[in-house]
Amino acid sequence: MISKVSIDGCRDSIMILMTFDNPLLVVLTGPTASGKTRTGIHLASHFHSEILSADSRQFFHEMKIGTAFPVPHELACVKHHFIGHLSIHDSYNISRFETDAIQLLERLFQHRRVVFLVGGSGLYINAVCHGIDFLPDPNPVMRIELKLRLEQHGIATLQEELQKTDPEYAAMVDMANPARLIRALEICHTTGVPYSSLRLNNPKERPFRILKIGITHPREVLNERINNRVDQMIDAGLVEEARQLYPYRHLNALNTVGYKELFDHFDGAYPLAMAIEKIKTHSRRYAKRQMTWFTKDAEMVWFLPSETERMISLIEKSMC
RNA sequence: GGCGUCGUAGCUCAGAUGGUAGAGCAGAGGACUGAAAAUCCUUGUGUCACUGGUUCAAUUCCAGUCGAUGCCA
């Protein structure tokens with residue numbers, strides 16, 4: 001059952017890891033407020049395992065209430081990773097998450113046959129499952145410059161430049177999306193080669209198998225759960241949490257449903273009750289986008305959150 | 001009670017000096033490679049409050065009714 005596996009790519013010495021044959025990563029995902037945290041803890045305790053979070057906003061320890069952190073007794077049940085391990089002031093990106101998660105998984109799989117990746121950030125889940133292309137980190141000043149150009153001269157200037165520097169990507173990208181254009185141009189500028197030439201899109205081989213479990217509810221039920229959870233967050237002190245983070249509202253981590261609406265409320269844009277309604281509405285839309293992403297994934301096996309016994313038997317079967 | 005203003009898409013509101021109407025938001029669907037709880041795309045027929053009148057033609061003008069709202073009493 002236990003074998004020795006050498007990992008390529010270590011410079012100084014060949015690293016020997018003890019690992020189970022064919023360990024299993026169970027991805028547990030679904031839209032916001034579907035019950036991932038609870039179900040994840042149930043499953044992970046059943047298998048005496050640990051949880052990696054794949055939630056790009058629960059990384060930040062300052063954002064406990066608004067991102068629905070697992071509560072202390074939940075965290076005590078099962079060992080969690082990547083929950084509150086960063087500050088909103090840290091710079092972090094999906095590439096670093098991929099590296100951190102893969103390194104951790106290699107360690108965990110030395111003595112575990114199954115580990116859980118729980119969260120709703122589809123892109124981050126993909127990075128763990130299939131990897132993303134290696135790209136150098138761009139100079140942060142470059143993004144600021146490109147943003148400034150966008151503000152001053154409009155999107156056309158970025159579209160024209162991308163058309164010239166990387167016509168292949170220009171032909172496939174959503175040219176109306178400033179974020180995509182800025183990203184592509186900053187890569188072109190940093191590397192001196194077209195972005196499209198670096199987008200190899202080769203799925204990486206992983207030393208583990210993957211089972212993807214999606215949980216969701218009928219839309220009306222999910223909407224109801226979202227509404228209730230937002231009310232609970234408010235009761236739990238979200239307004240105060242947001243008020244303390246208000247000075248840092250420009251940080252990317254705080255461009256997040258639940259915070260940005262309250263920041264606007266603090267600015268006097270609308271009363272608190274309206275901010276709360278907007279948080280609910282924006283959470284519903286977020287859930288919709290998540291579902292668009294997840295339902296496209298043919299590997300996803302869908303369950304209601306109540307069907308934990310069926311999930312357990314599927315996981316057991318997959319472990320064989 | 002008197003005088004005004006308003007009544008148009010689920011919501012907030014544009015609009016045509018008469019030829020049956022359009023934005024934002026919501027809703028629905030979609031995209032997605034270091035911003036991803038982010039960013040972006042597609043999608044708008046509704047008794048234009050009701051009843052009459054004028055007119056070839058009224059949601060638009062006129063009158064009345066109902067409702068909302070403001071001021072005066």
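Because only heavy atoms are used, hydrogens play no part in the values below, and waters and symmetry mates are left out as well, while side chains stay in. In what follows, chains carry the letters A, B, and so on, assigned in the order in which the sequence lines appear, proteins first and then strands, with residues in each chain numbered from 1.
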Rounding to the closest angstrom, what is the interatomic distance between [N] and [M] at atom [atom1]?
N     : M     : atom1 : result
B:A23 : B:C66 : C1'   : 30 Å
B:A21 : B:U59 : P     : 12 Å
B:U17 : B:C61 : P     : 10 Å
B:G34 : B:U39 : P     : 15 Å
B:C13 : B:A35 : C1'   : 34 Å
B:G19 : B:A57 : P     : 14 Å
B:A16 : B:C25 : P     : 23 Å
B:A38 : B:C32 : C1'   : 11 Å

So, is [X] close to the [N] phosphate, meaning a side-chain N or O under 4.0 Å from OP1 or OP2?
X        : N     : result
A:Arg183 : B:C40 : no
A:Lys296 : B:C32 : yes
A:Arg289 : B:A36 : no
A:Arg180 : B:U33 : yes

Problem - Exercise: identify the closest heavy-atom pair between A:Val128 and A:Ile102 - result: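 Shortest heavy-atom separation between A:Val128 and A:Ile102 comes out as O-CD1, 3.7 Å.
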
Handout entry: Minimum heavy-atom distance A:Leu222-A:Thr32, with the two atoms named
Key =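 The answer is CD1-O, 3.6 Å.
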
Handout entry: Residue pairs passing the side chain to side chain donor-acceptor pair (under 3.5 Å) test where at least one lies in residues 181-201 of chain A, sequence neighbours excluded
Key =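 Counting only pairs at least two positions apart or across chains, the side chain to side chain donor-acceptor pair (under 3.5 Å) contacts touching residues 181-201 of chain A are A:Arg143-A:Glu186, A:Glu161-A:His189, A:Asp166-A:Ser196, A:Arg183-A:Glu186.
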
Handout entry: Listed once per pair and sorted, the side chain to side chain donor-acceptor pair (under 3.5 Å) pairs that draw on residues 213-223 of chain A, sequence neighbours left out
Key =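 The answer is A:His217-A:Arg225.
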
Practice task
Check RNA chain B for consecutive Watson-Crick or G-U pairs with both distances under 3.5 Å and list the runs of at least three as stems.
Solution key: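 Result, WC/G-U stems under 3.5 Å: B:1-7 with B:66-72, B:10-13 with B:22-25, B:27-31 with B:39-43, B:49-53 with B:61-65.
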
Heteroatom pairs (N/O) under 3.5 angstrom, protein to nucleotides 41-44 of chain B:
none

Problem - A:Glu240 and A:Gln244: side chain donor to acceptor below 3.5 Å - result: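 Per modelled atom types, A:Glu240 and A:Gln244 side chains form a pair under 3.5 Å.
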
Practice task
For the residue pair A:Arg229 and A:Ser283, confirm or rule out a side-chain donor-acceptor distance under 3.5 Å.
Solution key: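 The criterion, which ignores hydrogens and geometry beyond distance, is not satisfied for A:Ser283 and A:Arg229.
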
With heavy atoms under 4.0 Å as the rule, sort [X] into base, sugar-phosphate or nothing.
X        : result
A:Ile182 : base
A:Asp55  : base
A:Thr67  : base

Got a sec? Which of [range] come in under 4.0 Å of RNA chain B, heavy atoms?
range                       : result
residues 252-281 of chain A : A:Asn252, A:Asn255, A:Thr256, A:Val257, A:Lys260, A:Thr281
residues 84-104 of chain A  : A:Asn93, A:Ile94, A:Ser95
residues 117-125 of chain A : A:Gly120, A:Ser121, A:Leu123, A:Tyr124

Problem - All side-chain hydrogen bond (donor to acceptor under 3.5 Å, both in side chains) counterparts of A:Glu145, not counting sequence neighbours - result: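 A:Glu145 satisfies side-chain hydrogen bond (donor to acceptor under 3.5 Å, both in side chains) with no residue once adjacent residues are dropped.
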
Practice task
Could you list the residues that satisfy ring-ring contact (aromatic ring centres under 6.0 Å, His included) with A:Tyr248, not counting sequence neighbours?
Solution key: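 Testing A:Tyr248 for ring-ring contact (aromatic ring centres under 6.0 Å, His included), a comparison that skips the adjacent residues, returns A:His89.
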
Side-chain polar contacts of residues 73-86 of chain A - donor-acceptor pairs under 3.5 angstrom, sequence neighbours left out - could you list them?
{"from": "A:Glu74", "atom 1": "OE1", "to": "A:Val71", "atom 2": "N", "distance (Å)": "2.8"}
{"from": "A:His80", "atom 1": "ND1", "to": "A:Val78", "atom 2": "O", "distance (Å)": "2.9"}
{"from": "A:His81", "atom 1": "NE2", "to": "A:Glu50", "atom 2": "OE1", "distance (Å)": "2.6"}

Problem - Torsion-based syn/anti label for B:G34, 90° from 0 as limit - result: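 What B:G34 shows is a syn base, its glycosidic angle lying within 90° of 0.
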
Exercise for the section: Quick one: which residue pairs count as a salt bridge (Lys or Arg N to Asp or Glu O under 4.0 Å) with a foot in residues 258-268 of chain A, not counting sequence neighbours? Expected result: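 Pairs touching residues 258-268 of chain A that pass the test: A:Arg249-A:Asp264, A:Arg249-A:Asp267.
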
Exercise for the section: For the pair A:Leu198 and A:Asp133, evaluate side chain to side chain contact (heavy atoms under 4.5 Å, CB included) and give the outcome as yes or no after the intermediate values. Expected result: CA-CA 7 Å; A:Leu198 301 169; A:Asp133 290 318; 5.9 Å; no

Name the atoms and distances for all side-chain donor-acceptor pairs under 3.5 Å in residues 37-49 of chain A, with sequence neighbours left out.
{"from": "A:Thr39", "atom 1": "OG1", "to": "A:Gly35", "atom 2": "O", "distance (Å)": "2.8"}
{"from": "A:Ser45", "atom 1": "OG", "to": "A:Ile41", "atom 2": "O", "distance (Å)": "2.3"}
{"from": "A:Ser49", "atom 1": "OG", "to": "A:Val114", "atom 2": "O", "distance (Å)": "2.5"}

Practice task
Could you say whether A:Phe60 or A:Asn201 is positioned toward the 5' end of RNA chain B, judged by the nucleotide with the nearest heavy atom to each?
Solution key: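 Nearest nucleotide further toward 5': that of A:Asn201.
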
Practice task
Decide if atom CD of A:Glu168 counts as having more than 12 heavy atoms of other residues, nucleotides or ligands within a radius under 6.0 Å.
Solution key: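 No, CD of A:Glu168 has 12 or fewer neighbouring heavy atoms, counting only those of other groups under 6.0 Å.
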
